[in-house]
Amino acid sequence: MDELFDSSLNLEDTHYKEGYDEGHSHGLVAGKEEARQVGLKVGFEIGEELGFYRGCVDIWASALRLDPTCFSPRAKTIIGQMEELIGKYPLMDPENVQVQEIMDSLRIKFKLVCSSLHVKLEYSGYPKSSTEANDIQF
């Protein structure tokens with residue numbers, strides 16, 4: 001007779017454990033998908049910013065090839081350092097601990113070059129709409 005009541009008493013625990021296991025496995029699947037989406041978004045944003053700096057460095061390097069005296073020695077040095085940092089960026093290893101250090105250094109050096117060249121230029125991300133695209137100023 002006790003066996004009959006034992007199954008009834010354990011019913012709540014059994015359903016609780018089944019619900020927990022089901023929720024846990026569903027959460028793992030949903031969490032992986034959400035993490036993938038966040039990773040894609042953040043990776044795209046970082047790549048976009050890195051590309052912006054690469055484009056600026058390429059333009060400045062082209063100007064230096066045409067006229068090596070067009071920028072101050074300090075600006076030339078910083079542009080070279082930016083080029084080095086961009087080359088060192090671990091594109092295929094996003095978990096590398098240097099990723100944030102390199103991006104921080106690039107941002108600082110970019111501001112230094114802009115200041116040295118007396119240019120008001122800043123990276124503010126890709127415009128989200130056509131009205132924002134019309135607001136871009138150099």
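In this chain, residues are counted from 1 in sequence order.
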Q: Could you name each residue pair satisfying salt bridge (Lys or Arg N to Asp or Glu O under 4.0 Å) that touches residues 58-78, not counting sequence neighbours?
A: R54-D58
Q | Pairwise distance CD1(I59) to SG(C56) - rounded to 0.5 angstrom | A | 8.0 Å
Q) Is there side-chain contact between I78 and S116, with heavy atoms separated by less than 4.5 Å? A) no
Q: Report the C-alpha separation of E45 and K41 in whole Å, then their side-chain angles, then the decisive distance to 0.1 Å, and conclude whether the salt bridge (charged side-chain N to carboxylate O under 4.0 Å, His left out) test is met.
A: CA-CA 6 Å; E45 290 169 354; K41 182 180 182 286; 2.8 Å; yes
Q.
Rounded at 0.5 Å granularity, tell me how far CH2 in W60 sits from SG in C114.
A. 4.5 Å
Q | Y53 OH to L50 CG distance, which is reported to the nearest 0.5 Å | A | 9.0 Å
Q: List in chain and number order the residues that pass salt bridge (charged side-chain N to carboxylate O under 4.0 Å, His left out) with E34, two or more places apart in sequence or in another chain; answer none if no residue qualifies.
A: none
(Q) If I take atom NZ from residue K17 and atom CD from residue E22, how far apart are they, to the nearest 0.5 angstrom? (A) 12.5 Å
Q) If you measure from OH on Y123 to CZ on R107, what distance do you get to the nearest 0.5 Å? A) 9.0 Å
Q. Rounded to the nearest 0.5 Å, how far does OG of S115 lie from CG of L121?
A. 12.5 Å
Q. Taking the inter-plane angle between the rings of F110 and F52 on a 0 to 90° scale, is it parallel (under 30°), tilted (30 to 60°) or perpendicular (over 60°)?
A. perpendicular
Expected list for residues 90-103: side-chain donor-acceptor pairs under 3.5 angstrom, two or more places apart:
from : atom 1 : to   : atom 2 : distance (Å)
N96  : OD1    : Q98  : N      : 2.8
Q100 : NE2    : D104 : OD1    : 3.0

